[in-house]
Amino acid sequence: MAAHLADTKVHMLPTVGATRRGGADVLAWSTDQLPAHRYFRAVFLLLALTLFLLAGFLHLDIELFMPLFRGQDTGPPVTSIMFLKTHKTASSTVLNILYRFAETHNLSVALPAGSHFHLGYPWLFLARYVEGVGQEGPGLQRRFSVMCNHLRFNPTEVQKVMPQNTFYFSIIRNPVSQLESAFTYYKGVVPAFRSAKSLDAFLASPHSYYKGSLSLQNAYARNNMWFDFGFDNNAPAEDSYVQARLAELEQHFQLVLIAEYFDESMVLLRHLLRWRLDDVVSFRLNMRSERTVARLAPETQERAKRWCALDWRLYQHFNRTFWARVQAELGPRRLSREVARLRARQRELAALCLLDSAPKNRSQITDRHLLPFQSGAADILGYNLRPDLDNETLRTCHRMAMPELQYMAHLYALQFPGKPPKNIGFLGK
């Protein structure tokens, strides 16, 4: 994006008690003549002027000093968070970030009730899908600090579980690559995908495979992100309808991130939530090996955009608003610096934590608690940790590498020690 920085205007303070020394006017400040609050304001503005002049003289980036004067990135961290976890959009990595933040700060998480792993998906979310939601007493609904498991967005029911001051955000991905990932991951369970030899074959004649009467079962096969936001994924992509739904999302969500710009998304999220750098560092989770990623021909990509026209409109809209928000909140230079800091810290932690920084397939992972769930034809990768870590470092590294099912089960056991633990079947006993 082009960098268009607004001109910075510095207003000079009025002269107070000027005297002359050696032919030059000198400000003679007197705390007896100037009220305390005006005195400190004057000192602050003089300091600001000095920094701006020094920055110009030394050719420093003026944005480096802007947070000091805008008052941003200050104050307590945001701890009431609702993350709409969309499918196949790098959302598992975001989930891990939120789980770690919740555990570090001893925050309650709205977890699926009983033996379930989703909050009612693919049905619209209801508050009763959350474990312990009604345990505050007669007429009192229990509130949680963090909600981030898969659900189909239903704002009135979410508001029964989350506080009024909750920060709502989500993440989306280019629908072409999102659909390709969904086809590989869900081929064995989605009726529309089962008999198609490839995504190219499916998109060449999608109505031969896709039956609208099986809309819930086929939710992954068409406009899946639109569906996750609570809308009809089979609706015609008429402009008035699309604009009305996008306006609804703008009302509910303070931020929608873009998977293709994950690091930039984390920088902006950290800025808005006032979190520390280590709160948003991550290892990529639920990632497929390259051999299971299909390369789509240009005509297939265009067919995917037409087939998932609602998702394409969703992506275009929030891709624009994301970059407008980056420009308004950070500016390109600060964004570049913060992304570099984030990536450097992640490389540092990868070197510290991982036996080999490259992710491994399931046959190479030695700790079964770090085995990721496998689905369809996707080869989901995971990590091995270094064997020489001290206990505290091991705990930190283990949390960063922990797949979402294991981490959810871990938090469930912490929050509800009296309940039967979640049974992750593929790990065995």
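Values reported hereafter were calculated over all heavy atoms of this structure, with side chains retained and with hydrogens, waters and symmetry mates removed. Here the structure is a predicted model, which is why all the values come from computation and not from measurement.
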If you count the non-hydrogen atoms of other residues, nucleotides and ligands that lie under 6.0 Å from CG in Asn165, is the total more than 12?
-> yes
Considering residues, nucleotides and ligands other than Asp388, do more than 12 of their heavy atoms fall under 6.0 Å from its CG?
-> yes
Audit row: Glu260, Tyr315, side chain to side chain donor-acceptor pair (under 3.5 Å) steps and yes/no | CA-CA 11 Å; Glu260 285 78 11; Tyr315 181 77; 3.2 Å; yes
Just how far is it from atom [atom1] of [X] to atom [atom2] of [Y], taken to the nearest 0.5 Å?
{"X": "Phe283", "Y": "Gln346", "atom1": "CZ", "atom2": "CD", "value": "8.0 Å"}
{"X": "Leu342", "Y": "Arg347", "atom1": "CG", "atom2": "CZ", "value": "9.5 Å"}
{"X": "Leu203", "Y": "Tyr210", "atom1": "CG", "atom2": "OH", "value": "13.0 Å"}

Ring geometry between [Y] and [X] (parallel below 30°, tilted from 30 to 60°, perpendicular above 60°):
{"X": "Phe253", "Y": "Phe153", "answer": "tilted"}
{"X": "Phe231", "Y": "Trp226", "answer": "tilted"}
{"X": "Trp275", "Y": "Phe101", "answer": "parallel"}

Lys85, His118, Glu404 screened by side-chain hydrogen bond (donor to acceptor under 3.5 Å, both in side chains) with His150, the one that passes | Lys85
The residue among Phe83, Tyr99, Phe125 that forms side-chain contact (heavy atoms from CB on, under 4.5 Å) with Asn149 is Tyr99
Identified side-chain contact (heavy atoms from CB on, under 4.5 Å) counterpart of Phe169 within the set Leu268, Leu272, Ile81, Leu84 = Ile81
Yes or no on side chain to side chain contact (heavy atoms under 4.5 Å, CB included) for Val130 and Leu119, after CA distance, side-chain angles and deciding distance?
-> CA-CA 7 Å; Val130 176; Leu119 291 168; 3.9 Å; yes
Do Asp200 and Arg303 meet the salt-bridge criterion of a basic N to acidic O distance under 4.0 Å?
-> no
Does Arg270 pair with Asp279 as a salt bridge, N-O distance under 4.0 Å?
-> no
Ignoring hydrogens and geometry beyond distance, is a side-chain donor-acceptor pair present between [X] and [Y] at under 3.5 Å?
{"X": "Thr393", "Y": "Asp390", "answer": "yes"}
{"X": "Asp379", "Y": "Thr292", "answer": "no"}
{"X": "Gln406", "Y": "His369", "answer": "no"}
{"X": "Ser181", "Y": "Thr184", "answer": "no"}
{"X": "Gln178", "Y": "Tyr220", "answer": "no"}
{"X": "Arg100", "Y": "Thr104", "answer": "no"}
{"X": "Tyr121", "Y": "Asp228", "answer": "yes"}

At their closest point, which heavy atom of [X] faces which heavy atom of [Y], and how far apart are they?
{"X": "Ala401", "Y": "Leu285", "answer": "O-CD2, 4.0 Å"}
{"X": "Ala378", "Y": "Tyr185", "answer": "CB-CD1, 3.9 Å"}
{"X": "Pro122", "Y": "Phe227", "answer": "O-CZ, 3.4 Å"}
{"X": "Val94", "Y": "Phe262", "answer": "CG2-CE1, 3.6 Å"}
{"X": "Phe144", "Y": "Ser108", "answer": "CA-OG, 3.4 Å"}
{"X": "Val146", "Y": "Met162", "answer": "N-CE, 3.9 Å"}

Checking Arg222 against Trp307: charged group under 6.0 Å from the ring centre and within 45 degrees of the axis?
-> yes
Can a donor-acceptor pair be found, under 3.5 Å and without considering hydrogens, that links the side chain of [X] to the backbone of [Y]?
{"X": "Ser170", "Y": "Val256", "answer": "no"}
{"X": "Asn233", "Y": "Asn223", "answer": "no"}
{"X": "Asp311", "Y": "Met225", "answer": "yes"}
{"X": "Asn96", "Y": "Arg399", "answer": "yes"}

Can you sort out the partners of Arg362 under salt bridge (Lys or Arg N to Asp or Glu O under 4.0 Å), two or more places apart, ordered by chain and number?
-> none
Salt bridge (Lys or Arg N to Asp or Glu O under 4.0 Å) with Glu180: of Lys88, Arg288, Lys187, Arg295, only one passes, and it is Arg288
Assess whether side chain to side chain contact (heavy atoms under 4.5 Å, CB included) is satisfied between Ser265 and Phe322, documenting all intermediate values.
-> CA-CA 8 Å; Ser265 293; Phe322 173 80; 3.6 Å; yes
Dump the intermediate steps for side chain to side chain donor-acceptor pair (under 3.5 Å) on His271 and Glu338, then the final yes or no.
-> CA-CA 10 Å; His271 168 77; Glu338 291 298 318; over 6 Å; no
For residues His116 and Tyr129, establish whether the separation of their ring centroids is below 6.0 Å.
-> no
For residues Tyr186 and Phe193, establish whether the separation of their ring centroids is below 6.0 Å.
-> no
Where do Tyr412 and Phe416 land on the ring-ring contact (aromatic ring centres under 6.0 Å, His included) test, with the steps shown first?
-> CA-CA 6 Å; Tyr412 187 87; Phe416 306 102; 5.3 Å; yes
